[in-house]
Protein chains: 2
Amino acid sequence: MPRAGLDPAAVVAAGAALADEVGLDHLTMGLLAQRLGVRTPSLYKHVNGQEDLNRRIAALAVSEAADAVGSAVQGYAGRDALAAALRAFRAFVLRHPGRYAATTGVEPTGPDDPMADASRRLFGAFRAVLRGYEIAESDVDHALRMLRSLCHGFATLQGAGGFRWSADVDESFEWLIAFADRGLRAM
Amino acid sequence: MPRAGLDPAAVVAAGAALADEVGLDHLTMGLLAQRLGVRTPSLYKHVNGQEDLNRRIAALAVSEAADAVGSAVQGYAGRDALAAALRAFRAFVLRHPGRYAATTGVEPTGPDDPMADASRRLFGAFRAVLRGYEIAESDVDHALRMLRSLCHGFATLQGAGGFRWSADVDESFEWLIAFADRGLRAM
DNA sequence: CAGGCTTGGCTAATAGGATTAGCTTTTGGC
DNA sequence: GCCAAAAGCTAATCCTATTAGCCAAGCCTG
């Protein structure tokens with residue numbers, strides 16, 4: 001029997017891709033094994049069960065989101081930077097609903113957790129956006145939480161099929177960007 | 001063997017309560033049956049499996065949320081109404097994390113679905129809040145989606161243990177209310 | 001190049017949860 | 001009191017995660 005040549009990174013990448021395809025709640029060890037051309041128990045040589053797999057997919061997702069937002073923001077400031085960041089974030093979530101869903105409820109276990117580093121990078125990107133606005137130092141954390149809530153809420157609701165009725169969803173998102181910009185400017 | 005005297009409403013209520021206690025993903029048919037003093041298969045006389053149970057819990061949750069927001073808003077207008085609505089919504093989600101979690105991804109199947117009615121009531125409450133602001137008719141849907149995203153995002157992130165770092169979460173939420181008020185006022 | 005250790009894959013077995021089938025008893029209406 | 005529907009129950013099935021233990025492949029060393 002030939003080796004499949006797997007390693008943890010390959011398993012996690014395939015798991016993330018599969019989660020995007022079939023939805024995180026339909027991601028099963030058996031399905032993932034099948035996708036990788038291997039029997040289910042073999043996966044346990046690379047990840048420590050489903051919870052561990054979920055953690056790793058989450059870390060990958062946050063890291064990718066940080067890259068996406070970080071590079072989208074490059075070269076912009078103020079409203080342009082805000083719009084670029086929010087659009088990049090939403091695009092990432094809609095493009096990768098499964099792996100993004102894996103991030104909810106996962107918190108870094110310690111400072112050496114790859115998740116912690118990825119989170120820091122993602123927050124750093126948003127924090128940089130806020131530098132284009134005149135916000136009191138004491139308000140920055142509140143503003144960050146607000147932006148995160150806005151992004152997370154909109155993207156997950158859209159991904160879950162909320163927003164059914166008439167108005168155009170992209171238009172709503174652009175409206176939301178304008179709203180956030182006005183609100184941040186009027187401090 | 002004495003009858004337990006269950007009916008669908010009792011099963012759903014117990015399921016919702018249990019979901020709040022142990023988390024929606026740890027809500028199991030076996031655990032629910034045990035809580036009700038009955039064997040697992042007996043539940044199937046009242047609900048059509050887990051998916052149906054989830055749907056019904058979701059409908060209950062949205063209905064209760066609509067009641068909570070609706071009555072919190074009574075007698076207020078403008079910023080006070082906005083603050084009351086957002087606080088009531090967040091309080092509901094934090095108080096009932098399990099049943100609220102059941103609502104994500106559940107959409108009404110038809111106009112006769114109890115979920116549809118509950119959703120309409122909840123949206124009606126928020127729509128009433130927006131009447132206290134001068135918003136163009138064409139912007140109302142966008143504003144509703146924004147408010148929903150903000151509430152949903154903040155409450156679910158907090159419930160999932162996001163917002164770990166320093167700043168006080170209640171303070172952030174009050175800041176968010178002020179932010180939303182300013183943004184809606186400055187149209 | 002042989003031997004051996006580590007690694008990655010496999011089969012078989014265990015355990016838990018959802019669901020269905022089919023039986024039995026209660027209970028409300030006559 | 002009788003009967004049909006409703007509400008429980010046991011037993012059985014299926015699916016998924018996970019563990020145990022076996023075996024081959026591939027590398028590293030001599």
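Residue numbers begin at 1 in each chain, while the letters A, B, ... track the order of the sequences.
One atom, CD of Gln34(A), and another, P of dC10(C), lie 13 Å apart when rounded to the nearest Å. One atom, CG of Leu32(A), and another, P of dT18(D), lie 12 Å apart when rounded to the nearest Å. The CG-C1' distance, from Leu27(A) to dT16(D), rounds to 12 Å in whole Å. Met29(A) has its CE atom 10 Å from the P atom of dT19(D), to the nearest Å. Here the P atom of nucleotide dT18(D) and the CG atom of Asn54(A) are 11 Å apart, to the nearest Å. In this structure, Tyr44(B) places its OH atom 17 Å from P of dG22(C), rounding to the nearest Å. Put simply, NZ on Lys45(B) is 14 Å from P on dT10(D), counting in whole angstrom units. Atom C1' of nucleotide dC10(C) and atom CG of Leu6(A) are separated by 14 Å, given to the nearest angstrom.
A sub-4.0 Å separation between OP1 or OP2 of dA18(C) and a side-chain N or O of Thr28(B) is present. Under 4.0 angstrom from either OP1 or OP2 of dG8(D) there lies at least one side-chain N or O belonging to His46(B).
Counted by atom type alone, Gln158(A) and Arg90(A) present one or more donor-acceptor pairs between their side chains at under 3.5 Å. Between the side chains of Tyr100(B) and Asp20(B), no donor N or O sits under 3.5 Å from an acceptor N or O.
Counting non-hydrogen atoms under 4.0 angstrom, Ser42(B) reaches a base of the nucleic acid.
Between Phe179(A) and Trp175(A), the angle of the ring planes stays under 30°, which puts this pair in the parallel group of the 30/60° scheme.
The side chain of Arg39(A) sits closest to dT11(C) out of dT11(C), dG8(D), dT19(C). Considering only side-chain atoms of Gln50(B), the nucleotide from dT18(D), dT19(C), dG8(D) that sits closest is dT19(C).
A heavy-atom distance below 4.5 Å is not found between the side chains of Leu157(B) and Arg145(A).
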